[in-house]
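Worksheet for the structure shown next.
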Amino acid sequence: MNNTFEFNRFKNLLLNDGKKYFRNFGTALIVFCCLNAIFWIINLLFRTETDSVTRFGMLCIWTALAMMLVPEKVFGKANLSREGVGFAMLPASSLEKFISMFIYCAIVTPVIVFFGGYLVDTLLSLFPFGGFEKPIHLYTLNEIMRLADDNKGVLQAGEMSVAFTDVFPVGVMRTSLYMGIIQWAAIFMLGNMLFKKHKAGKTFACYLGIGYVLSTLFGLVLLTSDRLQQWLETFEDFPAEELVRQWHNATIWGMIIGILITALLLFFTYRKIKTQKY
């Protein structure tokens with residue numbers, strides 16, 4: 001039964017997990033959706049303003065924080081010796097349990113928190129007071145480049161816009177973004193199945209530690225590679241089209257590596273669910 005999938009059984013599991021999800025994490029969802037209201041209150045008290053770009057960035061941070069916490073809050077008992085017996089005895093296969101966990105951690109949570117927060121922020125922006133002059137705008141790629149030019153970037157916005165339109169498919173960026181969201185969820189799903197206590201904190205600490213080691217190794221390679229040094233010296237002289245093409249290639253390779261890493265994280269999570277001993 002571990003590798004089987006039966007729709008009616010999975011539907012019942014999804015409903016059961018949904019009740020547990022909103023029971024254990026419903027209050028936290030409301031809090032995360034309303035966190036941008038803190039800026040609105042501060043603006044109201046001190047007669048200041050918070051621009052939409054800052055609020056958009058904070059909304060992304062709240063979404064990431066919610067995704068860090070949800071596996072432990074909803075499925076935290078899945079790998080515990082005694083408390084996890086209930087999870088083990090659910091009338092569902094390991095595959096069905098894994099898919100349900102994935103849906104609530106990687107899809108339901110970011111959608112609810114981001115768009116719920118976006119709705120709250122938009123409603124607050126309708127008030128003539130509070131410092132939210134206009135709603136958050138979901139920026140397109142060309143608009144991001146125009147913002148970069150407003151901040152005195154190296155390349156001109158018009159030049160970059162043409163380069164991105166001609167060379168850099170927007171679908172690549174969107175796919176990269178979606179894969180990043182899934183990978184972030186996969187990291188904390190696996191951490192939830194590996195650690196017994198303080199799951200989110202320990203997983204995040206491991207994430208930072210591994211990132212530090214990899215960045216250090218990359219820095220050492222960069223410092224000792226003459227070819228990379230020469231490439232960096234000529235970097236500013238590249239035309240916009242060539243720069244975007246280089247970025248495009250790097251993004252494609254990064255996305256491929258990210259997909260492989262995410263697949264491994266999800267596989268080990270499923271494997272842990274399947275082989276967990278109670």
Side-chain angles (χ1 to χ4, degrees), residues 18-76 103-153 157 160-161 170 173-174 176-185 187-189 192 198-201 203-205 207-208 211:
K19 294 177 182 178
K20 183 171 62 174
Y21 176 83
F22 288 105
R23 182 173 64 250
N24 295 348
F25 203 63
T27 303
L29 286 175
I30 296 173
V31 171
F32 279 115
C33 289
C34 295
L35 280 178
N36 267 15
I38 295 174
F39 296 101
W40 188 85
I41 295 172
I42 293 174
N43 294 334
L44 183 64
L45 294 176
F46 296 98
R47 299 180 181 274
T48 57
E49 295 180 2
T50 304
D51 60 81
S52 58
V53 177
T54 300
R55 284 149 45 207
F56 176 81
M58 296 310 299
L59 188 56
C60 293
I61 291 176
W62 310 143
T63 304
L65 287 174
M67 293 174 68
M68 289 171 58
L69 297 176
V70 67
E72 181 176 2
K73 294 297 183 181
V74 181
F75 303 99
I103 288 174
Y104 284 106
C105 294
I107 300 176
V108 175
T109 299
V111 167
I112 290 179
V113 175
F114 183 84
F115 289 103
Y118 178 79
L119 176 61
V120 171
D121 188 280
T122 300
L123 292 174
L124 291 175
S125 70
L126 298 177
F127 289 100
F129 48 85
F132 286 10
E133 286 192 356
K134 57 182 179 180
I136 289 175
H137 184 69
L138 302 181
Y139 297 98
T140 64
L141 194 56
N142 287 339
E143 287 169 328
I144 291 175
M145 299 317 302
R146 283 196 290 270
L147 286 173
D149 183 65
D150 291 340
N151 291 323
K152 307 302 180 183
M160 287 297 290
S161 296
V170 176
M173 291 296 290
R174 289 177 178 171
S176 180
L177 173 63
Y178 298 151
M179 284 307 306
I181 293 172
I182 294 174
Q183 185 178 98
W184 187 249
I187 290 170
F188 290 91
M189 286 171 60
N192 179 65
H198 311 296
K199 298 166 182 274
T203 304
F204 188 60
Y207 173 80
L208 292 179

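What you see is a predicted model, and the numbers here were worked out from it, not measured in a lab.
Remark: Thr63 OG1 to Ile112 CD1 distance equals 11.0 Å, nearest 0.5 Å. Taking CD1 of Ile41 as the start and CG of Leu44 as the end, the distance is 8.0 Å to the nearest 0.5 Å. Atom CD1 of Ile182 sits about 10.0 Å away from atom CG of Leu177, to the nearest 0.5 Å. Here the CD1-SG distance, from Ile187 to Cys105, works out to 13.0 Å after rounding to the nearest 0.5 Å. Of the inter-residue distances, the one linking Trp40 atom CH2 with Ser125 atom OG reads 11.0 Å to the nearest 0.5 angstrom. To the nearest 0.5 angstrom, Tyr178 atom OH is 12.5 Å from Ile107 atom CD1.
Tyr104 contributes a side-chain N or O that, together with a main-chain N or O of Gly18, makes up a donor-acceptor pair within less than 3.5 Å. The backbone N or O of Lys199 lies less than 3.5 Å from no partner atom in the side chain of Asn192, so there is not a single donor-acceptor pair. Of the possible donor and acceptor atoms, none in the side chain of Lys134 sits under 3.5 Å from a partner among the backbone N and O of Ser52.
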Side chain to side chain contact (heavy atoms under 4.5 Å, CB included) between Met67 and Ile181: does it pass, once the steps are laid out?
CA-CA 9 Å; Met67 293 174 68; Ile181 293 172; 3.7 Å; yes
Take Asn36 and Met58 through the side chain to side chain contact (heavy atoms under 4.5 Å, CB included) test and state the conclusion after the steps.
CA-CA 7 Å; Asn36 267 15; Met58 296 310 299; 3.8 Å; yes
Kindly indicate, with the supporting measurements, whether the criterion side chain to side chain contact (heavy atoms under 4.5 Å, CB included) is fulfilled by Leu65 and Leu69.
CA-CA 6 Å; Leu65 287 174; Leu69 297 176; 5.5 Å; no
Please evaluate residues Phe56 and Tyr118 with respect to the criterion side chain to side chain contact (heavy atoms under 4.5 Å, CB included), reporting the C-alpha separation (whole Å), side-chain torsions for both, the decisive distance (0.1 Å), and the verdict.
CA-CA 8 Å; Phe56 176 81; Tyr118 178 79; over 6 Å; no
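Using a 4.5 Å heavy-atom cutoff, the side chains of Phe22 and Leu29 are in contact. You'll find the side chain of Leu59 reaches within 4.5 Å of the side chain of Ile136, heavy atoms only. Here the side chains of Val70 and Phe188 are not in contact, with every heavy-atom distance at 4.5 Å or above. Under the 4.5 Å side-chain criterion, counting only non-hydrogen atoms from C-beta, Lys73 is not in contact with Tyr21. Under the 4.5 Å side-chain criterion, counting only non-hydrogen atoms from C-beta, Phe127 is in contact with Leu124.
Counting only residues at least two apart or in different chains, salt bridge (Lys or Arg N to Asp or Glu O under 4.0 Å) contacts with residues 111-132 comprise Arg55-Asp121.
Checked against the 6.0 Å centroid threshold, Trp62 and Phe114 do not count as a close aromatic pair.
Ring pair Phe32/Phe25 is tilted by interplanar angle, where 30° to 60° counts as tilted. Using the six-membered ring where Trp is involved, Trp184 and Phe204 have ring planes that are perpendicular, over 60° apart on the 30 and 60° scheme.
The neighbour count for Phe129 CZ, taken as heavy atoms of other residues, nucleotides or ligands under 6.0 Å away, is above 12.
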